[in-house]
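Right, one structure below, let's go through it.
Both ligands and their constituent atoms are indexed starting at 1 by order of listing. The model shown is predicted, which means the values in this text are computed figures rather than measured ones.
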Amino acid sequence: MAQKKIVEIKDLGITYYTLEGETEALKSIDLHIYDNEIIGIVGPSGCGKSTLLSMISGLIQPTRGEIRVKDELVDGPLKNIGYMFQNDQLFEWRNILSNVVIGLEIQGKLDENSMNIAKDMLKAYGLGDFMYSYPHQLSGGMRQRAALIRTLLLEPDLLLLDEPFSALDYQTRLAISDEIGLILKEEKKTAIMVTHDIAEAISLCDRVVILSGRPGTIKEIIDIELTCEGERSPIKCREAPEFRHYFNRIWKELDIHV
Ligand SMILES: Nc1ncnc2c1ncn2[C@@H]1O[C@H](COP(=O)(O)OP(=O)(O)OP(=O)(O)O)[C@@H](O)[C@H]1O
Ligand SMILES: [Mg+2]
């Protein structure tokens, strides 16, 4: 069976015009993303990764080329998209439960049924005892998990994750990226994740897109196939025999100089 395309990007490019001059941020991007795929985007700072997500969400318009999400041309902000950033953007004055249902509330979809789904999801993902706590009472990883649940409750067709774990310390980051990877697979989500962390991209993603320095172009798209015994958890994937090979390949392509 042919896989369903969720995102189709054709010859996409963007140039920012400011008083200081022009910046060509991205050039000639061609990319297809399929249902249930997790795609990683890596590339040097300033190569246009965040810009690419903003264009897919319809928040900014490309200068050249086009993007289709579920066959529809993106020409304005899309509704059915979940966007997660480095900062979890939880509201400090709302408890966790009322934070995770805020999107439903705004869309007028909050009722007893959706409230129960929210509670079940908080319980399923380890926040059952913290529903009535406030964000400052949670660890960074728990906050990020709450932010993901808030995003998932809106049942987005596509999740855009812009370095969602980069504000966390290393250990929390490992644990939460593992959990979030499993949640995304369990909920059968399609996601595009920007990350600076090569290991995170390999362990979490089905494919990794490597962008060149600005103007960002696609240098290579790598299919990740790891042999993991038992459950394919991102942490276990790091022990797969192929892991190091992918790491070295991406590292070389990124051509990082220190
Ligand atoms: N609103 C804007 N106006 C003008 N230039 C912009 C704007 N947003 C981004 N740029 C420029 O476009 C380029 C790409 O920016 P972008 O934020 O997409 O990069 P990035 O790959 O996400 O970087 P990082 O890894 O540091 O997050 C940069 O040179 C940036 O200065
Ligand atoms: Mg960015």
- request: Quick one: look up the protein heavy atom nearest atom 29 (O) of ligand 1 and list residue, atom name and how far away it is.
  value: Arg214 NH1, 2.7 Å

- prompt: Charged N to carboxylate O below 4.0 Å: is that the case for Glu92 and Arg143?
  reply: yes

- prompt: Got the closest protein heavy atom to atom 25 (O) of ligand 1, with its distance?
  reply: Lys49 NZ, 2.8 Å

- prompt: Relative to the heavy atoms of His196, which atoms of ligand 1 are at a distance of less than 4.0 Å?
  reply: 25 (O)

field: Parallel, tilted or perpendicular: ring planes of Trp93 versus Phe91, cut at 30 and 60 degrees
entry: tilted

message: Heavy atom to atom 23 (O) of ligand 1, shortest distance: which of Gly46, Pro44, Gly216, Gly21 holds it?
response: Gly46

task: For atom 14 (C) of ligand 1, decide whether some protein heavy-atom distance is shorter than 4.0 Å.
output: yes

query: What is the distance from atom CZ of Arg207 to atom CD1 of Ile224, rounded to the nearest 0.5 Å?
result: 10.5 Å

query: What residue and heavy atom of the protein are closest to atom 17 (O) of ligand 1, and at what distance?
result: Ser50 CB, 3.9 Å

message: Measuring from atom CG of Leu160 to atom CD1 of Ile41, what distance do you get when rounded to the nearest 0.5 angstrom?
response: 9.5 Å

task: Sort by chain and number the protein N/O/S atoms found under 2.8 Å from the Mg ion (ligand 2).
output: Ser50 OG

message: Under 4.0 Å from a heavy atom of Thr51: which atoms of ligand 1 are those, numbered in the order shown and with their elements?
response: 14 (C), 15 (O), 16 (P), 18 (O)

Carboxylate-amine/guanidinium contact Lys10 Asp30, below 4.0 Å: no

statement: atom 26 (O) of ligand 1: closest protein heavy atom, distance to 0.1 Å, is Ser45 OG, 2.6 Å

task: Give a yes-or-no answer on whether the side chains of Asp162 and Ser50 include a donor-acceptor pair shorter than 3.5 Å.
output: yes

- prompt: Among protein heavy atoms, which lies nearest atom 19 (O) of ligand 1, and at what distance?
  reply: Gly48 N, 3.3 Å

task: Provide, to 0.1 Å, the distance between atom 27 (O) of ligand 1 and the closest protein heavy atom, together with that atom's residue and name.
output: Glu163 OE2, 3.8 Å

query: When you check the gap from the basic side-chain N to the acidic O, do Glu66 and Arg68 get nearer than 4.0 Å?
result: yes

task: Starting from atom 6 (C) of ligand 1, locate the nearest protein heavy atom and write down its residue, its atom name and how far away it is, to 0.1 Å.
output: Tyr16 CD1, 3.3 Å

task: Answer yes when Arg249 and Glu220 have at least one side-chain N-carboxylate O distance shorter than 4.0 Å, and no when they do not.
output: yes

- request: Answer yes or no: does an N/O atom from Thr18 fall short of 3.5 Å to an N/O atom of ligand 1?
  value: no

